[in-house]
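Below, chains carry the letters A, B, ... as their sequence lines are ordered, and counting in each starts from 1.
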Amino acid sequence: NAGVTQTPKFQVLKTGQSMTLQCAQDMNHEYMSWYRQDPGMGLRLIHYSVGAGITDQGEVPNGYNVSRSTTEDFPLRLLSAAPSQTSVYFCASSSPKANIQYFGAGTRLSVL
Amino acid sequence: GDSVTQMEGPVTLSEEAFLTINCTYTATGYPSLFWYVQYPGEGLQLLLKATKADDKGSNKGFEATYRKETTSFHLEKGSVQVSDSAVYFCALSDGTGGSYIPTFGRGTSLIVHP
């Protein structure tokens, strides 16, 4: 099983560039989330979705957009990248019944 | 709001030593509690969980007991191995507002030396 797939694995951007981090899951999970992981800060929730067409903000949403047009996909958009967005980004999915998060392998983003 | 507090790391142990990583929580409801593990270069994966008071979650020699009276969920292992070196995250999920998106602690790095 593929589980949660994130692409790309690595990305380098220049300040002001835009890009989309892709996330797809094949487990038919209702919930999907995006986190960023920074040294000493643990995991911080950026945005999440409880179903197709429904999204909500997490702890650190500024500078990021999301949409959920299908159950499988939950892309994260950086509209104008800033050095403060240098981080490792994780996508996760879950079903409320099992209440277990399944994580992708992460995208390592550097903004110069 | 909900919060999870973990002991700061890194925790450095020799192989076969006893491990305890402390975790305490604050929640408005009756949460489920989790330990996730992150091996180098990977995403997090579930290690164990407990859904109600006095439940004990266990997996791969790790154990944690849901203590409602002390709002704690400490992770223990009797004899650690080098392969246990990873970052460990305590988390809770209580369905607040109809969402089961979990709240994570900051993580505790474990380094096991041969």
Going hydrophobic residue to hydrophobic residue with side-chain gaps under 4.5 angstrom, can you get from L43(A) over to Y31(A)?
yes

Contact class of Q38(B) relative to chain A, heavy atoms under 4.5 angstrom
side chain

Distance-minimising heavy-atom pair for G42(A) and F89(B):
CA-CE2, 4.2 Å

Cluster link M7(B) to F104(B), ILVMFWY, side chain under 4.5 Å:
no

Smallest separation among heavy atoms of Q101(A) and Y36(B), with atom names
N-OH, 2.8 Å

Crowding at OH, Y39(B) (>12 non-hydrogen neighbours, <6.0 Å):
yes

Find the distance between CD (Q45(B)) and CD1 (I100(A)) and round it off to the nearest 0.5 Å.
12.0 Å

Transitive ILVMFWY side-chain link L19(B) to V112(B), under 4.5 Å
yes

Could you check which of G43(B), G105(B), S109(B) has the highest count of heavy-atom pairs closer than 4.5 Å to chain A?
G43(B)

Can you confirm whether more than 12 heavy atoms, excluding those of E69(B), are under 6.0 Å from its CD atom?
yes

Is the shortest side-chain heavy-atom distance between T51(B) and N99(A) below 4.5 Å?
no

Heavy-atom proximity to chain B below 4.5 Å, by part of Y35(A)
side chain

Measuring heavy-atom distances to chain B, does R108(A) have an atom under 4.5 Å in its side chain, in its backbone, in both, or in neither?
side chain

Using non-hydrogen atoms and a 4.5 Å limit, figure out which bit of S33(A) sits close to chain B: side chain, backbone, both or neither.
side chain

Same apolar cluster (I L V M F W Y, side chains within < 4.5 Å links), V66(A)/F90(A):
no

Heavy-atom closest contact (I101(B) atom, Y48(A) atom, distance):
CG1-CD1, 3.6 Å

Report yes or no: do L44(B) and Y88(B) belong to one cluster of Ile/Leu/Val/Met/Phe/Trp/Tyr joined by side chain heavy-atom distances under 4.5 Å?
no

If one checks every heavy atom of E59(A) against chain B at 4.5 Å, the contacting part turns out to be neither

